[in-house]
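Computed from a predicted model, the values in this text were never measured in an experiment. What's counted below: heavy atoms across the whole structure, side chains too, no hydrogens, waters or symmetry copies.
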Number of protein chains: 2
Amino acid sequence: MDHIDRALLVQLQQDATQSYAALGEAVGLSAGAAHERVRKLRARDVIRRTTVDVDPTALGAGVLAYVMVDSAAWMGDSGADFAAIPEILEAHIIAGSASVLVKVRTATTEQLQDVLRRIYAIDGVSGTQATVALETFFERPVSPHAGDFSSPRP
Amino acid sequence: MDHIDRALLVQLQQDATQSYAALGEAVGLSAGAAHERVRKLRARDVIRRTTVDVDPTALGAGVLAYVMVDSAAWMGDSGADFAAIPEILEAHIIAGSASVLVKVRTATTEQLQDVLRRIYAIDGVSGTQATVALETFFERPVSPHAGDFSSPRP
DNA sequence: GGTGAAATCTTTCCAAT
DNA sequence: ATTGGAAAGATTTCACC
């Protein structure tokens with residue numbers, strides 16, 4: 001994972017449809033060498049998959065909310081219960097007053113309410129606190145240059 | 001946006017490297033027709049871009065946190081200030097007691113602390129409440145079948 | 001809007017360094 | 001690990017439906 005690999009990841013995050021010739025050009029390598037490096041990044045699961053970024057509003061999922069889920073019991077084995085609710089895009093065990101944090105997208109606030117009802121039905125859940133996003137400033141992938149920014153700075 | 005378009009989006013979310021022949025096969029269309037539909041989905045910005053999903057831990061960003069940002073003033077024009085912090089992956093204006101919710105990835109909790117310091121330096125910010133994720137159950141893209149699930153069901 | 005086929009460009013493989 | 005080139009395969013266009 002040198003600086004060339006990171007440059008390749010930046011390029012691919014921006015546009016994974018570009019040719020290996022263009023990719024090589026962008027990082028100062030031949031098409032074959034760029035291909036070989038990307039192949040290894042995939043093999044090592046640094047690149048997990050190539051995918052498309054779909055506009056949620058075009059799919060009728062314009063309402064975004066984060067939900068703090070409180071529980072009376074240990075929730076560490078409840079991953080599948082949350083995954084069974086398709087409107088939930090992320091679920092994390094958290095440190096703090098709540099137990100689980102989930103990210104939800106729905107078409108309407110009525111549907112959000114229905115998702116909260118289904119979360120409530122999960123074993124051990126004792127409460128929810130939903131926070132609705134009014135406007136999204138941005139959503140972007142993790143930067144391959146993370147770690148170059150943190151203090152102490154050079 | 002009929003059911004074939006949604007099936008194409010599901011396929012592309014899973015693997016955007018597959019050929020139009022394979023894509024057409026999966027949805028019951030010729031390669032040419034699949035290509036034309038995908039071209040239109042891109043033109044209409046339903047597909048915003050083709051990208052790679054990179055493992056955050058491989059990039060040295062294994063610490064995930066959500067931060068509620070409190071403010072004394074209107075934060076509606078502060079998008080660029082949050083975007084200037086590269087460790088911030090999402091920033092949303094929210095309804096509720098806080099003003100802005102941000103998603104952060106860093107290598108260490110020390111670096112997280114440094115990000116909080118930089119958030120604090122943004123004009124109008126009066127406080128932060130960070131929630132660290134201990135374990136991620138899953139992170140997945142928005143389902144093209146969203147809306148097929150909500151009650152009232154058929 | 002869909003099909004099948006032709007032309008062009010890319011990916012993929014490999015021998016050499 | 002990288003290069004250049006050759007073979008295999010994919011994308012893109014187009015005439016026709």
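Summarising the geometry, the separation between CD on B/Glu36 and C1' on D/dC17 is reported as 15 Å, rounded to the nearest angstrom. Between the CZ atom of B/Arg39 and the C1' atom of D/dA10 there is a distance of 18 Å, rounded to whole Å. Residue B/His35 contributes atom NE2, which lies 13 Å from atom C1' of C/dT8 at whole-angstrom precision. In this structure, the CZ atom of B/Arg42 is 10 Å from the P atom of D/dT11, given to the nearest Å. As a whole-Å value, the separation of B/Arg37 CZ from D/dT11 P is 18 Å.
Electrostatic pairing of B/Glu90 and B/Arg105 does not count as a salt bridge here, judged by no charged N lying under 4.0 Å from a carboxylate O. Salt-bridge formation is detected for the pair A/Arg37/A/Asp5: a Lys NZ or Arg NE/NH1/NH2 atom is positioned less than 4.0 Å from an Asp or Glu carboxylate oxygen. The existence of a salt bridge linking A/Arg6 and A/Asp2 is excluded, since no basic side-chain nitrogen approaches an acidic carboxylate oxygen closer than 4.0 Å. Salt bridge annotation for B/Arg117-B/Glu110: absent, with no cationic side-chain nitrogen under 4.0 angstrom from a carboxylate oxygen.
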What would the secondary structure line of DNA chain C be in dot-bracket form, counting Watson-Crick and G-U wobble pairs under 3.5 Å, with [ ] for pairs that cross earlier ones and | for pairs with another strand?
-> |.||||||||.||||||
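The side-chain contact (heavy atoms from CB on, under 4.5 Å) test with B/Tyr66 singles out one residue from B/Val102, B/Val132, B/Val104, B/Leu101, and that residue is B/Leu101.
Residues from residues 13-29 of chain A with heavy atoms under 4.0 angstrom of DNA chain C, sorted by number: A/Gln18, A/Ser19, A/Tyr20.
Residues A/Ala133 and B/His92 come closest through the heavy atom pair CB-CB, 3.9 Å. Closest of all the heavy-atom pairs between A/Ala16 and B/Val52 is CB-CG1, 4.2 Å.
Residues B/Val100 and B/Ile94 do not share a hydrophobic cluster, defined by chaining ILVMFWY side chains whose heavy atoms lie under 4.5 Å apart.
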